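These numbers were taken from a predicted model, which means no experiment stands behind them. Worth knowing before you read on, the calculation uses all heavy atoms, side chains too, and leaves out hydrogens, waters and symmetry mates.
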Amino acid sequence: MKFSYNWLKELSGSKASSHKMAELLTLHSFEAKVSEKKGKDEILEIDILPNRSHEGFSHWGVARELEVLTNSKSKNSQLKFKESNRFNAKDFVSVKIQNPEGCPRYSAAMIDNVKVGPSPKWLKDRLENLGLNSVNNIVDITNYVMLEMGQPLHAFDADRIALDGNKPTIVIRNSKQGEIITTLDGIKRELPAGVLLISDVKKPLAIGGIKGGAGSEIKEKTKTIIIEAANFNSNLIRKEEKMLGLKTDASLRFGQGLSPDLTDKALKRAVCLIQKVAGGEAYKDFVDVYPKKLQPFRILFDVAKVEKFSGLGISKEEISKLLIKLGFEVYNINPYANIQTLVELAKKLVGSKYKYGASTMFDAPFIFDCSSLVRYLFRQIGIEVPPTPPNVAVRRTLEQAEMGKIVKIKDIEPGDLVFAKGSKPAFNEKFPKGIGHVGLYIGNGEVVHAAGEKINKVVRESLKSFLRRYQLRLVKRIIDKDMDKEFLLVISPTTRTDVSADVDLVEEIVRVKGYNNLKAQIPKHWLFSPEINENFSWQTLFGDILTGIGFDEVYNYAFIGSSEANTFFGGNSLNPIVLANPLSAQHSHLRPTLLVGLLKNAKDNLRFYDNFRIFEIGKVYNQKTKTPSLGENLSLAGVYVSQSKKESDGFYELKGFLDTFFEKLGITGLWYDDFEPHPSKASRLFWGQGFSAEIKIGNVGIGFMGKIDKWIVGKFDISKPVFAFEIDMPELLKKIRADYRYQEIPKYPAVERDISLLVPLYTKVDDIQQVIENSGGRLLANSDLIDMYVGDDMAEGKESMTFRLVFQSKERTLRDEEITKIMNKIIKAIKQKDWEVR
């Protein structure tokens, strides 16, 4: 992302050169470099990682980093402006949020008598240096504030917004199927149902968080404007920009997640600048709809952990100063001494509303369920207990029961948690009787808890009544006497959602102090070898063998598109699993086979190569029942495209590669069985008639190999024959673990003899090998098919096969007469089958 050096210098107060600034950011915060010079300014390319995008996608956020790193004093952006004494914005504009999940906050300012025109040179230069075109002074200010503070804004012509009664009314709602909006780029877009829209009571005004509409844009004659600063759900924005194929500077920021607390600051900054470049009378107050206020993380921080985790010895005072400079609030606190504070707060919350699945981030301190109440209370003194996302409150209560130490009911003290069965218990191995409810003991035989069912509020009742109604499971003590010491209570700014635990604070301190200051130390604990991951080891071995025989490894996404799922698997038993929130239509299902991805690779490779061998090792997924359980399995598959003109050659060449693969694994009892490919059997779906086989070890099938069906390759626009294999890894590993044997390298040389046979067409190779090996005896070490031929000079209905026979003894060197004797025995057995030896 591009940043202006002059702008960062101005905001941070730093006197560092552009290259020194880039160096400091790279060493402590973000990877950065000076990319180009623009007039009197220089442009820095800064790579903001996703976890820091909340405030890092702004000059203001990067300037704060520089302020800390260079020990400079930042210059605060001007947020004061002249308000009208005559008009209040709330009397002239109305905002209604119909989708609060999609739009947690919507703020709007109103300015009258603006003069729309070209922007001043300083404003144009700053925008154009960073790749944005100047439109007019009002629109340019909204873009300027977005670059400075990270909060996208949008300006509406108030006179072009439809009235509801006597007020221009902005409605945040979902689109209807087929609804039309013409965006600012002049494109008319037909929307699917459910897209978040900013509209008035008659028409759409903008696609929320992505693109403004052409119906209410700022024109030269515009006099009264409404400035929007809203917050949008990041998951929704990412999904919609993919769906619409529309990515903007605004959607980039909203898609990474912004704090709702930015909107009012950005509005104030925009109004200040608009009055500076376009004049106007700002109406008093903002319209601000913010139903669920975001709560910051509160972290109990033992400063000794800085040295424990990093080796850096830093005083408590220095740590406090550094965190405060980074924007955190820091207080001294003794959790054990604050148990009574916890108890008194619990009493004050009695009567608050109950909602199952309530969130401590957005619903507290007004609405709770039992586990979110517990989390909120302990968070006030810096102790984080497991969170409570929507619809999983019971499961989180179960997780909360994992914290602290068990105490007997007779030893219960204020601040202890009382866990009970409740009406909706959850179960695990540790708590097989189930836990579904929790309350805080406040002393004097009383409990405070958020009660559902018919009560639906936070209540204070006797412990006896609580236990009688909910059935005691256990009592846990979270705050013990070992916490009777001073900690730091650190409150994260709401723009730093990446800092939620003490280890995050250690990382902040270490990166600012400098990783180069970490000293090498001998570990204080014994080091142990990591546990061997057998599956990974086998995968590595399989890959090494296959690359050794000419295969190249590929890596594909674990997804397939909806069109592929319907085309190849619709109506059969494989039943691909549908993703609830896919990144795109091309990644909507989990793959049930590796072959789809490999055939796409084959199509791409055929543009450059006539023959190739590729393989992939990866997970496949299927759902063979109507339950939503995930069937996950490890698979090995490969594709082979041959230069040979005869289809049979490709089949036998691939078989030869597989024989080598299994031989190097030490597999015994390998053979290839006939089977009849059928679309209704998912595991056999891709294989064509005639040149297909099931791979078996003993009587267990471990996979399939052969020619891919013409209909399948046609769907990939492939005209050449394609041969493939797919192996069930768990089944193969069972056989390897059972059959893998080490044996001494033979001391005595092997002797090879070839034998050619004339046999009826479609005679099974395995049938011939059985005859050869049964009559060859113990000195016949191996037999392999090395050539096949069918031609005009061949008798009708006949084909030629050549086998290479390997003879070897472990005790001595074999003599020619011994081998000749065995060969005669083999020839005799062959002739008894009415096969001709050539």
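With sequence neighbours excluded, no residue satisfies side-chain hydrogen bond (donor to acceptor under 3.5 Å, both in side chains) with S175. S492 is linked by a side-chain hydrogen bond (donor to acceptor under 3.5 Å, both in side chains) to nothing, counting only residues two or more places apart in sequence or in another chain. Partners of H587 under the ring-ring contact (aromatic ring centres under 6.0 Å, His included) rule, at least two apart in sequence or in another chain, are Y557, F559. Judged as a side-chain hydrogen bond (donor to acceptor under 3.5 Å, both in side chains), and not counting sequence neighbours, R253 has no contacts. By the side chain to side chain contact (heavy atoms under 4.5 Å, CB included) test, N332 is found to be paired with K316, E486, L488, residues two or more places apart in sequence or in another chain being considered.
A salt bridge does not link E65 with K325: every distance from a Lys NZ or Arg NE/NH1/NH2 to an Asp or Glu carboxylate oxygen is 4.0 Å or more. The pair K734-E731 meets the salt-bridge criterion, since a charged nitrogen lies less than 4.0 angstrom from a carboxylate oxygen. With respect to the salt-bridge test (charged N to carboxylate O, under 4.0 angstrom), the residues K355 and D369 do not qualify. Salt bridge K308/D302: absent, no basic N to carboxylate O contact under 4.0 Å. Using a cut-off of 4.0 Å between Lys/Arg side-chain N and Asp/Glu carboxylate O, E461 and R469 are scored as salt-bridged. R496 has no carboxylate O lying under 4.0 Å from a charged side-chain N of D504, or vice versa, which leaves the two without a salt bridge. The residues E55 and R52 are annotated as salt-bridged, a charged nitrogen and a carboxylate oxygen being separated by less than 4.0 angstrom. Ion pairing between E318 and K513 holds under the 4.0 Å rule for side-chain N and carboxylate O.
Remark: K347 NZ is packed, more than 12 non-hydrogen atoms of other residues, nucleotides or ligands lying under 6.0 Å away. Under a cut-off of 6.0 angstrom, the local environment of CZ in F536 is sparse, with at most 12 non-hydrogen atoms contributed by other residues, nucleotides or ligands. Around CG of N444, the count of heavy atoms belonging to other residues, nucleotides or ligands within 6.0 Å does not exceed 12.
Closest of all the heavy-atom pairs between S371 and Q400 is O-NE2, 3.1 Å. In plain terms, the two heavy atoms of E384 and S500 that are nearest each other are CG-O, 4.3 Å. Of all heavy-atom pairs spanning L489 and G382, the tightest one is CD1-CA, 3.2 Å. For I509 against I314, the heavy-atom pair with the smallest separation is CG2-CD1, 3.6 Å. Nearest heavy atoms, V448 versus A346: CG1-O, 3.7 Å. Across P260 and N231, no two heavy atoms sit closer than the pair N-ND2, 3.5 Å.
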message = Test side-chain contact (heavy atoms from CB on, under 4.5 Å) on V499 and I299; report intermediate values, then the result.
response = CA-CA 9 Å; V499 181; I299 306 165; 4.0 Å; yes

inquiry  = Could you walk me through whether L345 and Q380 satisfy the side-chain contact (heavy atoms from CB on, under 4.5 Å) test, starting with their C-alpha distance in whole Å, then the side-chain angles of each, then the deciding distance to 0.1 Å, before giving a yes or no?
reply    = CA-CA 9 Å; L345 178 57; Q380 305 318 301; 3.4 Å; yes

inquiry  = Using the rule given for side-chain contact (heavy atoms from CB on, under 4.5 Å), can you reason through L733 versus E534, listing the C-alpha separation, both sets of side-chain angles and the distance that settles it, and then say yes or no?
reply    = CA-CA 10 Å; L733 290 176; E534 282 197 21; over 6 Å; no

request  = Could you go through the side-chain contact (heavy atoms from CB on, under 4.5 Å) check for L467 and I409 one step at a time?
outcome  = CA-CA 11 Å; L467 298 180; I409 189 70; 4.3 Å; yes

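In this pair, F368 and Y376 present their aromatic rings tilted. The plane angle is within the 30 to 60° band.
Checked by atom type and distance alone, the side chain of Y354 never pairs as donor or acceptor with a backbone atom of A358 at under 3.5 Å. For the pair Q151 (side chain) and A230 (backbone), a donor-acceptor distance under 3.5 Å is present. Between the side chain of R375 and the backbone N or O of V385 there is at least one donor-acceptor pair closer than 3.5 Å. Not a single donor-acceptor pair under 3.5 Å links the side chain of K619 to the backbone N or O of N633. Side-chain atoms of N334 come within 3.5 Å of backbone N or O of A337 as a donor-acceptor pair. Side chain of D480 to backbone of R477: no donor-acceptor contact under 3.5 angstrom is found. Remark: the backbone N or O of L349 is paired with a side-chain donor or acceptor of S352 at under 3.5 angstrom. A donor-acceptor pair under 3.5 Å links the side-chain atoms of D416 to the main chain of E413, judged by distance alone.
Side-chain contact between E240 and I210: present, with at least one pair of heavy atoms (C-beta onward) separated by less than 4.5 Å. Taking the side chain as every heavy atom from C-beta outward, I406 and V475 never approach each other to under 4.5 Å. At a threshold of 4.5 Å between non-hydrogen side-chain atoms, the residues C103 and N99 do not count as touching. With contacts defined as side-chain heavy-atom distances shorter than 4.5 Å, the pair K353/K457 does not qualify. Two residues are said to be in side-chain contact when any heavy atoms from C-beta on lie closer than 4.5 Å; Q295 and R379 meet this criterion. Contact check for V506 versus F301: side-chain heavy atoms found under the 4.5 Å cut-off. Between L236 and F254, the closest side-chain pair of non-hydrogen atoms is not below 4.5 Å.
Between the side chains of T494 and D261, at least one donor N or O sits under 3.5 Å from an acceptor N or O.
N456 contributes atom CG, which lies 11.5 Å from atom CD1 of I367 (distance to the nearest 0.5 angstrom). Here the straight-line distance linking atom CD of E616 with atom CG of L594 works out to 5.0 Å at 0.5 Å rounding.
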Report all side-chain donor-acceptor pairs from residues 430-438 shorter than 3.5 Å, counting only partners two or more places apart or in another chain.
{"residue": "K430", "atom": "NZ", "partner": "E402", "partner atom": "OE1", "Å": "3.3"}
{"residue": "H437", "atom": "NE2", "partner": "H449", "partner atom": "ND1", "Å": "2.9"}

